[in-house]
Protein chains: 2
Amino acid sequence: MYSVLMSTPERLIEATRELLWERGYVGTSPKAIQQHAGAGQGSMYHHFAGKPDLALAAIRRTAEEMRATAEAVLAGPGSAYERVEAYLLRERDVLRGCPVGRLTMDPDVIASDELRAPVTETLDWLRDRLAGIVQEGCDQGEFTPSLNAGEIASAIVATVQGGYVLARSAGSPAAFDAGVRGLLALLRAAAPARP
Amino acid sequence: MYSVLMSTPERLIEATRELLWERGYVGTSPKAIQQHAGAGQGSMYHHFAGKPDLALAAIRRTAEEMRATAEAVLAGPGSAYERVEAYLLRERDVLRGCPVGRLTMDPDVIASDELRAPVTETLDWLRDRLAGIVQEGCDQGEFTPSLNAGEIASAIVATVQGGYVLARSAGSPAAFDAGVRGLLALLRAAAPARP
DNA sequence: GTCTATATTTTGATAGAC
DNA sequence: GTCTATCAAAATATAGAC
């Protein structure tokens, strides 16, 4: 399934990432991982202690990747509004959902402090990163200064995570886009009154 | 687990509802349902064709309940903003997530037109119901008339669905509340300029 | 309608040969 | 490091007695 140039542990991690995204932790079996990775049972248990261990490696990498992708957009040029807009409008595989956020609905992930940690850290980081940008916008007079930057940032992250839910429910990315456009319209309305 | 006054099919449906909420479709086994309902295998397969059939009955009931709960608040008194606020601030079992929305992350539910239908219908209904209220607010001069009511409604539903994700990630309902407060602040900012 | 037995497949892993 | 048994338990039913 993967390039022969990839090592077996590497192929196992990538296969697990794909399957966790597609079917979640509970819905992903070691057998499916092995088949996807083109690795035998013995091979998987040689490199990883078991399903939780392999899932942890996969989740950590996915979390790191998501953070890097977000940072690439958020560190870009433009006003606070423009950077938030760029983040919200960035290309996404909407119908697949968020590979990090979806893990919060996995009971076994939530029950494990180790598996949940990368999820918590990533979403916390994202919210804080956005809060900094919103605060900048308030300080620069771009947004009404009375806004609570942390709350606005939470609303932004929630809109994205919930947008995936709407899109998957509707079977169409348009539902995601509608929510994003609604939020952006409200953000534009939060500019201070111009005298 | 349930009152003896409940019929066996009834107990099976209620047990399935609980387990779908807690563990999702993929994570819920017939055996777990039977134990939760205090019913034997034969009993379950006598009343229902199998796991998908029972899940369908459970999902339909949960969807209907969610709709009724939302309608009770949305049909209440007050301005458009006040009704949206009442909906967003209504008591919720935040850390358990949305029993309907969480199903969108279940690959087997999404793959089945029958199982997905109640989810799609419920979220569509909710968005349309909110859109009507937001449109009222625009028409009454409560919100800037340039707002697209459907998009604002999508943003509201997304914020709630995403709020559950943030709360479960953080292990605290406060993360949900923060997103809701952020959205409400933006909605208040979307009042037309007062001359 | 409910119960117990039985069956097939999958899950998640261990053992040990190569 | 990889492969092929092997394994106990669970998943998802069906059969047939009561």
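What you see is a predicted model, and the numbers here were worked out from it, not measured in a lab.
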For this session: Please confirm whether A/Arg102 makes a cation-pi placement over A/Trp21, using NZ or CZ under 6.0 Å from the six-membered ring centre and within 45° of the ring normal.
Result: no
For this session: Determine, for B/Tyr25 and B/Lys51, whether the Lys NZ or Arg CZ falls below 6.0 Å from the six-membered ring centre while staying within 45 degrees of the axis.
Result: yes
Spacing of [X] atom [atom1] relative to [N] atom [atom2], expressed in whole Å:
{"X": "B/Asp53", "N": "D/dA13", "atom1": "CG", "atom2": "C1'", "answer": "14 Å"}
{"X": "B/Arg23", "N": "D/dA10", "atom1": "CZ", "atom2": "P", "answer": "13 Å"}
{"X": "B/Phe48", "N": "D/dT12", "atom1": "CZ", "atom2": "C1'", "answer": "16 Å"}
{"X": "B/Asp108", "N": "D/dT12", "atom1": "CG", "atom2": "C1'", "answer": "13 Å"}
{"X": "A/Gln41", "N": "D/dC7", "atom1": "CD", "atom2": "C1'", "answer": "11 Å"}

Problem set entry | Residues, nucleotides or ligands: over 12 heavy atoms within 6.0 Å of B/Glu10 CD | yes
Exercise. Under 6.0 Å from the CZ atom of B/Arg181, do we count more than 12 heavy atoms belonging to anything else shown?
Worked result: yes
Problem set entry | Nucleotide range of DNA chain C lying under 4.0 Å from chain A heavy atoms | C/dT11 to C/dT14
Exercise. Touch check for B/Gly42, heavy atoms < 4.0 angstrom, all strands: base, sugar-phosphate only, or nothing?
Worked result: base
For this session: Name the orientation class of the two ring planes belonging to B/Tyr81 and B/Phe143 (parallel below 30°, tilted from 30 to 60°, perpendicular beyond 60°).
Result: perpendicular
For this session: Check whether any side-chain N or O of B/Lys31 sits under 4.0 Å from OP1 or OP2 of D/dA11, and answer yes or no.
Result: no
Exercise. In terms of side-chain geometry, is the basic nitrogen of A/Glu121 or A/Arg67 positioned less than 4.0 Å from the acidic oxygen of its partner?
Worked result: no
